[in-house]
Amino acid sequence: MALIKVRPDTLFHSSVDLPSLKILYMYDVCFHHIDDFMKLLSGCPVLERLITLYVEASNHDTTRGYIKPLSKLILCGIRLFQVPFKAVYNVEILTISRFGRNLVNKETDSYYKDFPVFENLTKLCLSWSPHTQLHEWDEVVKMLHNCPKLQFLTIFKAHSSPTKEDWKYPYHVPQCISSHLTTCIITDYEAIEADFRFAAYILENARYLEKMAICRNLLPKPMESPRFLSDLFSCSRISPTCKLLFSEVYVL
């Protein structure tokens, strides 16, 4: 196991060869170039657990940001645009923070957000950035289509970010929702039509759902309506054992 904790102005340039390293936690690290970070990860061929917090790079040039897939990885916690999704395709537990952000450089944006099929993924946590321009449920559904065995889904919305309100039900239901999902947790649920539609979409299609937990902010936004709370409890559920839990918290 290795724990890397340095000042944010530290730069790494040396090559790395850690053939036996299985656990790597990185905190408060700044690389001169994203390629330095990729070289570090590529030098850990049997890595099983990867957690990165406040890991930054001055340059995200995709032509130099290549990383070998971490085929042994089981657990991973990263921020969006730190590690390409296709490099962590083998994980069973995945946490992505700052989800929903977009880069100005479309090529770089596409490189990092190119969803592979997460064949082994059973637990997924998506946390939106407070600086997200727009919260879109389409981004969640898009990822769920690539997580065929997902059982646990946790979503942390950003109360300070607006939600795209005209969200419509997808034509196709992801395999994980219809065949495997047992738990869905939505934090910072807003009593608006888009959030109601997504929650109802899960309830109506998740055949094996055992629990849906809804956590709402005690500071409602002006566009919220009480009916998108009451209607949720009367919404039909395809799973006969599903429990709908509701709570309210104070979040700034």
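This structure is a prediction, so every number in the text was calculated from the model and none was measured.
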Donor-acceptor check, side chain of [X] to backbone of [Y], threshold 3.5 angstrom: yes or no?
X: Ser230; Y: Arg227; result: yes
X: Ser42; Y: Lys68; result: yes
X: Asn205; Y: Tyr201; result: yes
X: Asp195; Y: Glu190; result: yes
X: Thr122; Y: Gln151; result: no
X: Ser239; Y: Leu209; result: yes
X: Arg216; Y: Asp188; result: no
X: Ser110; Y: Glu107; result: no
X: Asn120; Y: Val91; result: no

[X] [atom1] to [Y] [atom2] distance, which is reported to the nearest 0.5 Å:
X: His135; Y: Lys157; atom1: NE2; atom2: NZ; value: 5.0 Å
X: Ile155; Y: Ile214; atom1: CD1; atom2: CD1; value: 9.0 Å
X: Cys76; Y: Ile51; atom1: SG; atom2: CD1; value: 6.5 Å
X: Leu124; Y: Asn146; atom1: CG; atom2: CG; value: 11.0 Å
X: Leu150; Y: Ile177; atom1: CG; atom2: CD1; value: 8.5 Å
X: Leu232; Y: Phe196; atom1: CG; atom2: CZ; value: 6.5 Å

Measuring only between side-chain heavy atoms, which start at C-beta, is [X] closer than 4.5 Å to [Y]?
X: Leu75; Y: Glu92; answer: no
X: Lys86; Y: Tyr111; answer: yes
X: Ile78; Y: Thr95; answer: no
X: Cys176; Y: Pro148; answer: no
X: Cys184; Y: Lys211; answer: no
X: Ser178; Y: Arg207; answer: no
X: Leu50; Y: Leu73; answer: yes
X: Phe198; Y: Trp167; answer: yes

Kindly give the heavy-atom pair with the smallest separation between Cys242 and Leu203, and that separation in Å.
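Residues Cys242 and Leu203, closest heavy atoms: SG-CD2, 3.8 Å.
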Smallest separation among heavy atoms of Leu40 and Met26, with atom names
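Looking at all heavy atoms of both residues, the closest pair is CD2-CE, 3.6 Å.
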Short N-O contact, Lys39 and Asp35, less than 4.0 angstrom
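Asp35 and Lys39: salt-bridged.
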Against the six-membered ring of Phe81, is Arg98 placed for a cation-pi contact (under 6.0 Å from the centre, within 45° of the normal)?
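No, Arg98 and Phe81 do not form such a contact.
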Mind checking whether Phe118 and Phe85 have parallel, tilted or perpendicular rings, split at 30° and 60°?
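Perpendicular.
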Modelled atom types, side-chain donor and acceptor of Thr52 and Gln82, under 3.5 Å:
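Side-chain D/A pair, Thr52 to Gln82: present.
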Is it the case that more than 12 heavy atoms not belonging to Arg49 sit under 6.0 Å from its CZ atom?
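At most 12 heavy atoms, drawn from other residues, nucleotides or ligands, come within 6.0 Å of this atom.
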When you look at OH of Tyr169, are more than 12 heavy atoms from neighbouring residues, nucleotides or ligands closer to it than 6.0 Å?
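Yes, enclosed.
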State plainly whether one hydrophobic cluster holds both Val46 and Leu41, where clusters connect Ile, Leu, Val, Met, Phe, Trp and Tyr through side-chain heavy atoms under 4.5 angstrom apart.
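No: no chain of side-chain contacts under 4.5 Å links Val46 to Leu41.
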same_hphob_cluster(Phe31, Leu18) at 4.5 Å side-chain heavy-atom cutoff
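Same hydrophobic cluster.
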Applying side chain to side chain contact (heavy atoms under 4.5 Å, CB included) between Trp128 and each of Ile96, Thr163, Val140, Leu80, report the one that passes.
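Considering Ile96, Thr163, Val140, Leu80, a side chain to side chain contact (heavy atoms under 4.5 Å, CB included) with Trp128 is found only for Val140.
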Go through Glu139 and Lys113 one step at a time and tell me if the side-chain contact (heavy atoms from CB on, under 4.5 Å) criterion holds.
CA-CA 10 Å; Glu139 288 290 310; Lys113 294 163 68 174; 4.3 Å; yes
Check the pair Phe37 / Val83 against side-chain contact (heavy atoms from CB on, under 4.5 Å), numbers first and verdict last.
CA-CA 9 Å; Phe37 183 31; Val83 180; 3.8 Å; yes
